[in-house]
Amino acid sequence: MNFQTSTNGYGFNLFLFPFAGGSSNSYTAFQQFLSPRINAVAFDLPGRGKRMSEPLLGNIDRVIDDMLNQVRSRLAAPYAFYGHSMGSLIGYLLIKRIIAEGLSQPVYLFFSGRGGPSSPAIKEKYHALPRKDFLDRLRLLGGCPDEMLDNREALEFFEPILRADFKVVETYQYTQSAPFHIPIHVMYGDEEDLSAESVDLWKKETKVPVITSCFSGNHFFIYRHAREIAAIINKQLTNFLK
């Protein structure tokens, strides 16, 4: 099994998709605040967690192929998505694949730390930067502790993972398609490099109104506001929890 899941016995799943460098352990901070009726299912991509021995993926299509293989057998029960940053992109593209294959769709989407998929691409490709510049970028994002970034042994392990994930995001090219009919709640930090205008671009992707919430903090505001994020998820899913 390539995912971590709670075992509360309920039939509603919340699928959690990793951010760059993340694993199935990345969202444990807020899972404790979720309703006991929500079964949190967190996934590992190849090259980390339980799949550490597998080769890394550097292409978004291969990532979506892999993720669809992981969720396909779990779509019979009602479910929702949550993804942060790269995880938002994974969730969005996975929905497109699920719709294309005529599979059961999620009832709700929670995305954070990323503008709409049609946001202009970042011109500078961080995954190809020299080490010093790459590490400087990571420090600005705030998701990696200085102890790790200053530890050569830790970097030998984590740097290839982070570069592969950055490449996945930075080589993605948006293709316009018909909007779906799934509600979206988007969250972002007021100190991250993300404009309200780019967040509003999520409205192009669904025919249902999009809710946005702004939190204090940088790109990884999700750790400071774990309880509040869980509260949003609990509230929005109330009508779907039987």
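Note: hydrogens, waters and symmetry copies are ignored here, and every other heavy atom, side chains too, is used.
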Looking only at heavy atoms, which two atoms of [X] and [Y] are closest? And how far apart?
X      : Y      : result
Gly113 : Phe221 : N-CE2, 4.4 Å
Ile161 : Gly47  : CD1-O, 3.4 Å
His185 : Ser213 : NE2-OG, 2.7 Å

Mind checking whether [X] and [Y] sit in one hydrophobic cluster, side chains of I, L, V, M, F, W, Y counted as touching below 4.5 Å?
X      : Y      : value
Val208 : Val210 : no
Leu201 : Met86  : no
Ile64  : Leu75  : yes

### Task
Enumerate the residue pairs fulfilling salt bridge (Lys or Arg N to Asp or Glu O under 4.0 Å) with a member in residues 164-189, sequence neighbours excluded, ordered by first and then second residue.
Arg48-Asp165
#### Entry: Passing candidate, side chain to side chain contact (heavy atoms under 4.5 Å, CB included) with Phe43, options Gln70, Lys50, Arg51
Gln70
If you define the side chain from C-beta out and look only at heavy atoms, does anything of [X] sit under 4.5 Å from [Y]?
X      : Y      : answer
Pro183 : Gln236 : no
Ile38  : Leu241 : yes
Ile98  : Leu68  : yes

### Query
Taking the six-membered ring for Trp, are Tyr92 and Trp202 parallel (under 30°), tilted (30 to 60°) or perpendicular (over 60°)?
perpendicular
### Message
Once you measure the plane-to-plane angle for His84 and Phe19, does it fall in the parallel (<30°), tilted (30-60°) or perpendicular (>60°) bin?
### Response
perpendicular
### Query
Would you say the side-chain atoms of Ser177 and Lys96 include a donor-acceptor pair closer than 3.5 Å?
yes
### Message
Under the rule for side-chain hydrogen bond (donor to acceptor under 3.5 Å, both in side chains), what residues qualify as partners of Arg227, not counting sequence neighbours?
### Response
none
### Message
Going by the rule side-chain hydrogen bond (donor to acceptor under 3.5 Å, both in side chains), which residues pair with Glu101 if we only count those two or more places apart in sequence or in a different chain?
### Response
Arg72
### Main-chain N/O of Ser35 paired with Asn234 side-chain donor or acceptor, under 3.5 Å
yes
### Backbone of Phe180 reached by a side-chain donor or acceptor of Thr206 within 3.5 Å
yes
### Query
Given the rule in the side-chain contact (heavy atoms from CB on, under 4.5 Å) test, do Leu109 and Glu205 qualify, once you have shown the distances and angles that lead to the verdict?
CA-CA 11 Å; Leu109 308 173; Glu205 308 303 331; over 6 Å; no
### Query
Name the one of Phe15, Phe240, Tyr108 that satisfies ring pair (Phe, Tyr, Trp, His ring centres under 6.0 Å) with Tyr79?
Phe15
### Message
Tell me which one of Phe111, Tyr27, Phe110 satisfies ring pair (Phe, Tyr, Trp, His ring centres under 6.0 Å) with Tyr82.
### Response
Tyr27
### Query
Do other residues, nucleotides or ligands put more than 12 heavy atoms under 6.0 Å from Lys204 NZ?
yes
### Query
So does Asp190 have more than 12 non-hydrogen atoms from other groups sitting under 6.0 Å from CG?
yes
### Query
Taking atom OG1 of Thr28 and atom CD of Gln32, what is their separation to the nearest 0.5 Å?
8.0 Å
